[in-house]
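Worksheet: one structure, shown below.
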Protein chains: 2
Amino acid sequence: MARQPTVSDVALAAGVSRQTVSNVLNAPDIVRTATRERVERAISDLGYRPHASARRLRTRRSSTIGIRLYPFAGGISGAVLDRYVHALTENAAERGMRILLYTARTPDEEIEQFRRLTDGADVDAFVLTSTFHGDARTGWLLEHDVPFATFGRPWGDDDLGDPQHLWVDVDGAAGTAAATKHAIAAGRRAIGFLGWPSPSGTGDDRARGWARALRSHGRSPDGLRWAVEDDLTAARAAMAGVLTGGGPGPVPDAVVCASDSLAVGAHLAAMDAGVHDLLVIGFDNTPVSEALGLSSVEQRPEDVAVGTLDLLMGAHGTAVDPSVPRTGTGHVLVEPRLIVRE
Amino acid sequence: MARQPTVSDVALAAGVSRQTVSNVLNAPDIVRTATRERVERAISDLGYRPHASARRLRTRRSSTIGIRLYPFAGGISGAVLDRYVHALTENAAERGMRILLYTARTPDEEIEQFRRLTDGADVDAFVLTSTFHGDARTGWLLEHDVPFATFGRPWGDDDLGDPQHLWVDVDGAAGTAAATKHAIAAGRRAIGFLGWPSPSGTGDDRARGWARALRSHGRSPDGLRWAVEDDLTAARAAMAGVLTGGGPGPVPDAVVCASDSLAVGAHLAAMDAGVHDLLVIGFDNTPVSEALGLSSVEQRPEDVAVGTLDLLMGAHGTAVDPSVPRTGTGHVLVEPRLIVRE
DNA sequence: TTGTAAGCGTTATCAA
DNA sequence: TTGATAACGCTTACAA
């Protein structure tokens, strides 16, 4: 790694002052065209690149966003978060920002990471990829004036409309409603919902969309809702009982699921039971549902990523600047899309 | 975010010079105990933390490792890379390093990222998570004296023993050999291998382990090897033919697979065909194989991550320092572990 | 429009 | 063992 050229080298080569070089880089408008072109040629001749750390020291900005990497969840659904982080990294780079990872085992550990990364001026903002009822992390960030946005709306005491809390989320109810309508259109009579135990912000939201769609078609959701942890095996076992008619309720001919893990479990249970015409619709559109040919609700994590950056940096902003007054509502709700496969 | 205290603040509070504070942080041995304790108290009283960018500017070291995030592969096996990145982040933090993400669509784009990140002194080293025959990226990094390590040994013209090219890999052959021996011990007679088309460094290695284990037990692998792309559906289709005896070879009673995607495909094919005693062994130990109760070879990505950092930073090193002469062979081969589930 | 001077917070060098 | 001084490369005043 040979020594990199600096602004001084460029200035020398272009016959201007260091400051002019800096202006060409940061405020091209205020420098005369001829001068600018000379400087630009010198820059490309020398292969000059600004030294990121020096710039950060001076501007007191890191141009970096921190995001927590979760230990591999053990679910199929990790794929959504993967795609989100990837899209975030890609779009952030286009806006001159970078993504720094950190890990934590508990919320307290995560707050310690907040402290470490903000005190060291390592990051300008954080992105949290899940929030829960009574989350201490958002409180800490608000209290310390650290910019952040969450993928996932604040459930619980936080005010959904609080303009301080920026959030992006997927309209889960709209997704399950679309899935349910698809099943209705396909002529299904008993459309169930396989979800997670309440209370679960995300899970209850998805159940709501299913129930609403049924009611709006004059049907009752009663007796058609089952809940298990987000686990293929648990779903398979639960649906085994339901499909063989062992349960109290009706036997479904379609099941809208809160996740692909559950959907795959339901699909396998149907195979186990020799039921071949059960319509199973998943959520997350993971490779597994694709491989099995199951329809699934696509979360569009790429759109969520763009929305996150729009909130943090402004629609066309190129830096996280808390002093710029926020426009808009402070949140983005992404409409999911049903991927139909059968 | 209130203004952070600086070394000067600490120095003032402790009644020493700035430099002494710096010494307490970076060379505690050379400062008298009494002084050191005074400074340390001041540090914790003020809640001082070094400013990362300033330190980086001065030391010309970023304490950061760059890693490419792949677009979600579409395979089940992404889980291994996920766990690896997570473990890398966690272990790097313990050694005072950070992990920065970048994306690229092509090798050329990735080289452009190398350039961008090294010129800006954003990273000290890179970790590449896959290498292929004739990889231009390692050449660029070597040429520009940028430290790097790869997860995956260099296949092809690179010298495996080149001490310049640090690599960590999983002994795939050992993994499939263990799987094969397990099948033999379980009394299976016709143990097949479902892998990927040649040439594939990783895939051929895994096939080798299976064939070797068979031969060492006096059996022949002939006619029991099938190859498809790493795709559940393709595997399912291929095995459907094999299991119904439609192929030329013998019908297997066990299948060692090059990945969990293939294993799940084989498992589903067996279910489709009504074959319930096919022993399927996967590779990668993903949640799906766990959920389906399939045995699988565990890659131990956490150990790979530790090995990567050991190579880059030395066994107990706390920084990437290319000037420190390397000890050891310059590579680590991790022994995988068979997780038995049936 | 361009140049000069100062300083961001840290550590390396060297003298005390 | 400690302290003064001088960078590291950049940008933000402000002056020319």
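Everything numeric in this text was worked out from a predicted model, so none of it was measured. Letters A, B, ... mirror the listed sequences (proteins, then strands); counts begin at 1.
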Original post:
Taking Met97(B) as the fixed residue, which of Thr89(B), Leu309(B), Asp124(B) is the one that meets the side chain to side chain contact (heavy atoms under 4.5 Å, CB included) rule?
Top reply: Asp124(B)
Original post:
Closer to the 5' end of DNA chain D via nearest nucleotide, is it Asn23(B) or Leu57(B)?
Top reply: Asn23(B)
Original post:
Rounded to whole angstrom units, what separation is found between the CG atom of Leu25(A) and the P atom of dT11(D)?
Top reply: 6 Å
Original post:
Can you tell me if Tyr70(A) and Thr103(A) form a side-chain donor-acceptor pair at under 3.5 Å?
Top reply: no
Subject >> Arg61(B) CZ - dA12(C) C1' separation (whole Å) >> reply: 13 Å
Original post:
Any side-chain donor paired with an acceptor under 3.5 Å for Arg56(A) and Ser62(A)?
Top reply: no
**OP:** For dG9(D), take OP1 and OP2 only and decide whether either is under 4.0 Å from a side-chain N or O of Thr6(A).
**Re:** no
**OP:** Among the candidates dA4(D), dT12(D), dG3(C), find the nucleotide nearest to the side-chain atoms of Ser17(A).
**Re:** dG3(C)
**OP:** Can you figure out which of dT2(C), dT10(C), dT12(D) approaches the side chain of Pro50(B) most closely?
**Re:** dT10(C)
Original post:
Taking the six-membered ring of Phe114(B), is NZ or CZ of Arg116(B) closer than 6.0 Å to its centre and within 45° of its axis?
Top reply: no
**OP:** Answer with base, sugar-phosphate or nothing: what part of the nucleic acid does Arg36(A) contact at a heavy-atom distance below 4.0 Å?
**Re:** nothing
**OP:** With heavy atoms under 4.0 Å as the rule, sort Val31(B) into base, sugar-phosphate or nothing.
**Re:** sugar-phosphate
Subject >> Length of the line joining Arg55(B):CZ and dC8(C):C1', which is rounded to integer Å >> reply: 16 Å
Original post:
Heavy atoms under 4.0 Å, any strand shown: does Thr35(B) hit a base, just sugar-phosphate, or nothing?
Top reply: sugar-phosphate
**OP:** Go through dT11(D), dT10(C), dG3(C) for me and flag the one nearest to the Asn26(A) side chain.
**Re:** dT11(D)
Original post:
Can you find a side-chain donor-acceptor pair between Thr150(A) and His165(A) that sits under 3.5 Å?
Top reply: yes
Subject >> Between dG9(C) (P) and Leu12(B) (CG): distance, integer Å >> reply: 15 Å
Subject >> Polar contact flag, side-chain donor to acceptor under 3.5 angstrom, Tyr48(B)-Thr6(B) >> reply: no
**OP:** Report the residue (Arg32(A) or Arg18(A)) whose heavy-atom-nearest nucleotide on DNA chain C is the more 5′ of the two.
**Re:** Arg32(A)
Original post:
What nucleotide among dT10(C), dT11(C), dG9(C) has an atom nearest to a side-chain atom of Thr59(B)?
Top reply: dT11(C)
**OP:** Might you work through the side-chain hydrogen bond (donor to acceptor under 3.5 Å, both in side chains) test for Arg98(A) and Thr64(A), ending with a clear yes or no?
**Re:** CA-CA 5 Å; Arg98(A) 298 150 334 136; Thr64(A) 303; 2.5 Å; yes
Original post:
Asp122(B) CG to dC8(D) P: how many Å, rounded?
Top reply: 19 Å
Original post:
So what does the secondary structure string of DNA chain C come out as, 5' to 3', with Watson-Crick or wobble pairs under 3.5 angstrom, [ ] for crossing and | for pairs with another strand?
Top reply: ||||||||||||||||
Which protein N or O atoms sit under 3.5 Å from an N or O of nucleotides 13-16 of chain D?
none

Original post:
Considering only side-chain heavy atoms of Ile30(B), which listed nucleotide, dT2(D), dT11(C), dC10(D), is closest?
Top reply: dT2(D)
Original post:
Quick one: His51(B) NE2 to dT11(C) P, roughly how many Å, whole number?
Top reply: 12 Å
Subject >> 4.5 Å side-chain heavy-atom contact, Leu166(A) and Phe148(A) >> reply: no
Original post:
Closer to the 5' end of DNA chain D via nearest nucleotide, is it Val21(A) or Arg58(B)?
Top reply: Arg58(B)
Original post:
How about Glu302(A) and Tyr84(A): does a side-chain donor come under 3.5 Å of a side-chain acceptor?
Top reply: no
Original post:
Per the side chain to side chain donor-acceptor pair (under 3.5 Å) rule, which among Arg105(A), Arg115(A), Arg137(A) passes with Glu110(A)?
Top reply: Arg137(A)
